[in-house]
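Reading through the structure tokens given below for one structure.
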Amino acid sequence: MDISKLTKQLNKEQLTAVTASLEHILVLAGAGSGKTRCLTYRIAWLITTGQTNPHNILAVTFTNKAANEMRSRIDSLLDEPAKGLWVGTFHGIAHRFLRTHWQDAKLSQSFQILDSNDQLRSIKRLLKALGADEKVYSPQKIQNFINSQKDEGLRAKNLTADENDVWLNQMIEIYQNYEENCQRSDVVDFGELLLRCYETLRDNPHLLEYYQQRFQFIHVDEFQDTNNIQYKWLQLLAGTTGKLFVVFDDDQSIYSWRGAKVQNIQHLQQDFTDTKLIKLEQNYRSTSKILNAANVLIANNTDRLGKNLWTEHTIGEPITLYRAYSEVDEAWFVTEQILNWQGKKREVAILYRTTAQSRQFEEILLQKNIPYRIYGGLRFYERLEIKDILAYLRLSLNRNDDTAFERVVNTPKRGIGERTVVMLRSEARQQKISLWQVSVNILANDKLKKRAASSLHGFMTLVKNIAKLNLPLRELIEQAVIDINLVEHYQKSGKEEAQGRLENLAELANAAHQFEQQYNSNASVLNGFLDHAALESGEKQSKSSDCVQLMTLHSAKGLEFEVVFLCGLEEELFPHKNSLDDFNLEEERRLCYVGITRARRFLYLCHSNSRFRYGERSICKPSRFIEEIPKELINKVRL
DNA sequence: GTGGCGTGGCTTTTT
DNA sequence: GCCACGCCAC
């Protein structure tokens, strides 16, 4: 490919970044300044100019969506698909590593991935086994504790007990037990993927050396969202010879609550010599009024690296501010505006702070017959019926997966109640073996009452039979659904609900079929599919249909729309009442900045005088963020 | 062992 | 206001 074709499409700063000499490059890229373009062109440039080949390049993102996007954009820039190039999410890449080096990682070949739901169940189970009171030790808090320790790269053994801190000591003990449980059941949670990958590299010089030599060029998207373990992993992988190319925007750091550290940017500048900072400040997305509002708003934050976005775009329309009487009125106003909009529906986004706000909009959009799509909420692979069937499939591969065992041992109901399960659990705990193992032993010893024994035996035979099925994935799933008798089971709780569940199961069989068609590895295809289900929660793409897009501000990052409605701009809601201290307030403001900068041409800010929350109507004050936007940019409307 | 009723508590979310 | 979970009655 002709290099000039590549470089012609870039502005001066982008060009500087893309063609920078081989040091560590940090690109501070403002909203809409061509961040992804910069990353993908850099990779294409490295390959096209022959400075390296795809085999030596790694590109890491946070979401599957971003990874897919990057992969396809790189492919379209190059004459031929880049073979050997690794593009993926942090978790996806760590997982790939662990699957390849399962022995060095001290896992079994058929280890399974625990999603956060499974993780929570597993913690609840553990608490019961330890006899801990769930009211004192909330499972959620423990989950948070464990995950944030893993984010920091800390294991239970790295934490020091403190005589004066009973809570901490308990947490450490629970964490320790949780780790042992996971290891025994051969499962890894999301945090574990990263931590385990990091440790395996750190502790195995031959692997570290191989990957350090291989990945000479490491690219990271949304670097401001990296947590500690991700940073340490990158640092380890880069070693002394790898070259980093990271793209970030400190003003769009909105994930500190899950361990992201903006300071990693400073750490990078300290830990690596020879770094170069390049700023991309020209915005190609929004009108200048919108951009201006965003700039002024974010200037209220003190903790910034500092940049000022500018644009050559037109001045544009003023920002519309609407003050509603109630959340119904707010939704009604938004809907009216959408009805007046001449363009594509998919170019319209309704953004809000909390998921609960979506319902109101949904109702009115439905009434007015406007097609819409809500992002977030329950994803495909998280649905109950999907998790049920997947649990059977997981067990068929890995009998020691206790989470899967507990999920389906009595689903459908087969008379294995709490008493039997409690017994199995305590035996398993004492003997430090899995529930399946205990069941095998117990049946052999005739320790159970006849009825329970035959039920348990029936369950185990069922799982073994599924394991024996030697069928393509689609048929395998269809057959398993029949063998398990899931249809009748779901029909017991309502015909209509069952209909939906069965449709989803059919959809799953289809997805499995598609997966199998594209699968090109020698490893078990079922195992591959289960990993796929755990790692890609199955957000349906609906670019094809022309729908109004509804989502939280968090999930809007990285997207752009012609028209944006920023709703619920009220004190206590946005900024949220739990985030009013200085540190969190700045993050809320960044969230607002993200929201504003999603809009290309039309931005609406909405707030309501009152809102129905927690079962009662409360009076709401307009958000301070509205006040922070210059009045001359705003056009107040009342109807 | 299973189904029904009552109480609490409640951001954001990707993997 | 709603959902999830725990406890209690069959």
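Chain identifiers are assigned alphabetically (A, B, ...) following the order of the sequence lines, protein sequences preceding nucleic acid strands; residue numbering begins at 1 within each chain.
Within 4.0 Å of A/F90, counting heavy atoms only, lies no atom of the nucleic acid at all. Residue contacts for A/N64: at a heavy-atom cut-off of 4.0 Å it reaches the sugar-phosphate backbone alone, with no base atom in range. In this structure, A/T420 reaches the sugar-phosphate backbone alone: every heavy-atom distance under 4.0 Å involves primed, P, OP1 or OP2 atoms, never a base.
If you take CD of A/E588 and P of B/dT12, they are 11 Å apart, rounded to a whole angstrom. Taking atom NE2 on A/H489 and atom C1' on B/dG3, their separation rounds to 14 Å, with Å as the unit. When the C1' atom of B/dT13 is taken as reference, atom CD of A/Q119 falls 14 Å away, rounded to whole Å. The interatomic distance linking A/N578 (CG) with B/dT11 (P) rounds to 6 Å, in whole Å. At whole-Å resolution of the value, CG in A/D151 and P in B/dT15 are 15 Å apart. If you measure from atom CG of A/D118 to atom P of B/dT15, you get 16 Å, rounded to the nearest angstrom. Counting to the nearest Å, the C1' atom of B/dG1 and the CZ atom of A/R414 are 14 Å from each other. If you take CZ of A/F223 and C1' of B/dT14, they are 18 Å apart, rounded to a whole angstrom.
In this model, no side-chain donor or acceptor of A/H576 finds a partner on the base of B/dT11 within 3.5 Å. At a cut-off of 3.5 angstrom, counting only N and O atoms as typed in the model, there is a donor on one side and an acceptor on the other between the side-chain of A/R353 and the base of B/dT12. The base of B/dT11 is not paired with the side chain of A/T355 by any donor and acceptor separated by under 3.5 Å. Between the base of B/dT14 and the side chain of A/R258 there is a donor-acceptor pair shorter than 3.5 Å.
In this structure, OG on A/S555 lies 10.5 Å from CD on A/Q549, to the nearest 0.5 angstrom.
For the pair A/R589 and A/Y593, the cation-pi criterion (under 6.0 Å, within 45° of the ring axis) is not fulfilled. With a 6.0 Å cutoff to the six-membered ring centre and a 45° limit on the axis angle, A/R258 counts as a cation-pi contact of A/Y255.
With salt bridges taken as basic N to acidic carboxylate O contacts below 4.0 Å, none links A/E586 and A/R304. Under the 4.0 Å criterion applied to side-chain N and carboxylate O atoms, A/R394 and A/D401 are assigned as salt-bridge partners.
Residue-nucleotide stacking is not present for A/H554 and B/dT12, judged by a side-chain ring centre under 5.5 Å from the six-membered base ring centre and planes under 30° apart. Taking a centre distance below 5.5 Å and an interplanar angle below 30 degrees as the stacking criterion, A/W257 stacks against the six-membered base ring of B/dT12.
Aromatic rings from A/W86 and A/F215 are positioned such that their centres are separated by under 6.0 Å.
Between A/N410 and B/dT2 there is a side-chain N or O to OP1 or OP2 distance below 4.0 Å. For B/dT13, the OP1/OP2 oxygens have a side-chain nitrogen or oxygen of A/T552 closer than 4.0 Å.
Between A/E382 and A/A452, it is A/A452 whose nearest contact on DNA chain B lies nearer the 5' terminus. Mapping A/A534 and A/K577 onto DNA chain B by nearest heavy atom places A/K577 closer to the 5' end of the strand.
Here the nucleotide nearest the side chain of A/R359, chosen from B/dT15, C/dC5, C/dC2, is C/dC2. Of all nucleotides listed (B/dT15, B/dT11, B/dT13), B/dT13 comes nearest to the side chain of A/S555.
Regarding the sugar-base torsion, B/dT11 falls in the syn class, its angle being within 90° of 0.
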